[in-house]
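These notes are about the structure you will find just below.
Quantities reported herein were computed from a predicted structural model and do not represent experimental measurements. Order of the sequence lines fixes the chain letters, A, B, ..., with proteins taken first and strands second; residue numbering starts at 1 for each chain.
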Number of protein chains: 2
Amino acid sequence: MVRDYGFWFVVCTVLVFGMAVRESSIEDILSRIRHASKRVTVAKRTVAQVLAEATGHLSADAITVAVQEREPDVSPSTIYRILEEFEELGIIVHAHLGQGAAVFHLAGTVHGHLTCEICKQTFEIPSTHFDDLSHDLLESYGFELDRHHVALSGTCAQCRAPGSTPHG
Amino acid sequence: MVRDYGFWFVVCTVLVFGMAVRESSIEDILSRIRHASKRVTVAKRTVAQVLAEATGHLSADAITVAVQEREPDVSPSTIYRILEEFEELGIIVHAHLGQGAAVFHLAGTVHGHLTCEICKQTFEIPSTHFDDLSHDLLESYGFELDRHHVALSGTCAQCRAPGSTPHG
DNA sequence: CTGGATGCAAATCCTTTGCACGAGG
DNA sequence: CCTCGTGCAAAGGATTTGCATCCAG
């Protein structure tokens with residue numbers, strides 16, 4: 001993967017594409033808020049930044065902590081209200097993993113979740129894995145699978161391996 | 001499905017097989033408890049009956065209500081403790097559906113769950129639907145899918161249909 | 001200015017836990 | 001009998017809500 005020109009391709013991709021996407025997605029979020037006749041506030045702006053900078057999925061609590069690092073006066077209830085609004089506007093989606101709190105991420109990142117029941121780690125996988133199942137469920141039951149919201153439980157490779165550390 | 005001898009086959013299946021299974025599964029549960037050096041109590045017996053008689057999956061609260069109809073003095077915390085014990089003994093499994101409380105059912109009934117995000121109804125489907133996905137996840141990530149615990153969100157046929165009642 | 005957005009605290013829902021008592025083997 | 005199981009009440013985490021205040025448009 002990372003060799004000769006491939007390395008620079010990756011670097012440029014991260015710098016140009018990654019940064020650009022993040023900047024634009026924040027502006028995109030804010031413009032969606034304005035477009036819905038909602039108000040753009042410091043709290044919403046900060047939540048948008050946290051979500052755009054997050055590599056994976058965040059719980060409401062993790063988002064609150066991250067937001068309060070920058071804006072200490074934003075309260076948890078405000079975070080919940082903002083997340084609710086963002087979800088209604090289609091900016092973010094949430095998923096319920098095996099146990100515990102719900103997790104949130106930008107709606108653009110369509111993927112499924114695998115949660116290990118033993119080590120509690122969560123893995124993101126491309127939603128293409130659910131294409132066949134999605135067709136199957138639609139044909140069999142007329143059920144339209146929400147591939148943004150898929151969260152499956154099971155045992156991860158590390159925890160299945162006999163010798164290795166079970167809590168990798 | 002239900003026509004001439006097929007009808008009576010269904011009837012007999014429900015009566016003989018169904019009743020017999022239910023009776024025996026209660027005894028089976030109780031013997032598993034004894035075998036694990038745990039005590040058989042009125043509360044456990046009643047929870048076992050409720051679980052065996054349930055057609056679908058029940059929340060802890062629903063189980064509590066059903067148990068208290070017969071044994072009013074059984075407390076919710078006892079129900080939770082019994083459900084925990086039953087799960088450790090492999091008698092039952094639980095699943096977390098889209099939102100809300102966890103649901104429980106006998107471990108013998110291996111199936112997946114489809115939960116409609118609109119009408120909140122839950123549908124049970126055979127776990128065979130997950131065979132291909134299961135193989136795929138195992139090959140791709142070494143992840144062993146827990147097919148007892150699968151709960152998928154989406155939109156059910158009724159709520160997808162334009163004209164019909166959205167909350168069927 | 002004016003109503004939507006926020007902070008705070010309290011309420012809610014689901015589940016777990018501490019403790020003293022009661023009942024099962 | 002001696003321990004495990006139970007009832008009660010209180011704690012716990014995650015999320016929602018009521019209300020007075022505040023700030024974006």
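Between A/His129 and B/Tyr141, the gap from one ring centroid to the other is short of 6.0 Å. Taking the six-membered ring for Trp and the full ring otherwise, the centers of A/His57 and A/His94 sit at least 6.0 Å from each other. Ring-centre distance between A/His105 and A/His113: below the 6.0 Å cut-off.
Within 4.0 Å of B/Thr41, counting heavy atoms only, lie sugar-phosphate atoms of the nucleic acid but no base atom. Backbone-only contact: A/Asp73 has heavy atoms under 4.0 Å from sugar-phosphate atoms and none from a base.
Residues A/Leu145 and A/Leu138 are not in side-chain contact: their nearest non-hydrogen atoms beyond the backbone lie 4.5 Å or more apart. Under the 4.5 Å side-chain criterion, counting only non-hydrogen atoms from C-beta, B/Leu152 is in contact with A/Leu133. The shortest distance between side-chain heavy atoms of B/Thr46 and B/Val74 does not fall below 4.5 Å. A heavy-atom distance below 4.5 Å is found between the side chains of B/Lys38 and B/Lys44.
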Can you give me the N/O atom pairs linking the protein to nucleotides 16-22 of chain D at distances under 3.5 Å, or say none if there are none?
{"residue": "D/dG18", "atom": "O6", "partner": "A/Arg81", "partner atom": "NH1", "Å": "3.4"}

Within the sub-3.5 Å range, which N or O atoms of nucleotides 11-13 of chain D have a protein N or O partner, and how far apart are they?
none

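Distance A/Gln99 CD to D/dT15 C1': 17 Å, rounded to the nearest Å. Distance A/His35 NE2 to D/dG25 P: 15 Å, rounded to the nearest Å. Look at CD1 on B/Ile82: it is 17 Å from P on D/dC4, rounded to the nearest Å. One interatomic measurement links the two molecules: CG of A/Leu83 to P of D/dA14, which rounds to 14 Å at whole-angstrom precision. The interatomic distance linking B/Ile79 (CD1) with D/dT6 (P) rounds to 9 Å, in whole Å. We find that NZ of A/Lys44 is positioned 11 Å from P of D/dA24, with the value rounded to whole Å. Residue A/Glu85 contributes atom CD, which lies 18 Å from atom P of D/dT15 at whole-angstrom precision.
A/Arg160 approaches B/Gly142 most closely through the heavy-atom pair NE-O, 3.1 Å.
Partner of A/Ile33 under the side chain to side chain contact (heavy atoms under 4.5 Å, CB included) criterion, out of A/Val40, A/Ile82, A/Asp28: A/Val40 alone.
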Go through it in stages, so that I can follow the logic: the residues are B/Glu88 and B/Arg32, the test is salt bridge (charged side-chain N to carboxylate O under 4.0 Å, His left out), and I'd like the CA-CA distance, side-chain angles, deciding distance and then a yes or no. CA-CA 11 Å; B/Glu88 283 172 2; B/Arg32 283 212 230 186; over 6 Å; no

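With DNA chain C read from its 5' end, the first of the two nearest nucleotides for B/Ala60 and A/Ala43 is the one closest to A/Ala43.
Nucleotides of DNA chain C with any atom under 4.0 Å from a heavy atom of chain B span, from 5' to 3', C/dC14 to C/dG25.
Around the CG atom of B/Asp131, the shell of radius 6.0 Å holds more than 12 heavy atoms that belong to other residues, nucleotides or ligands.
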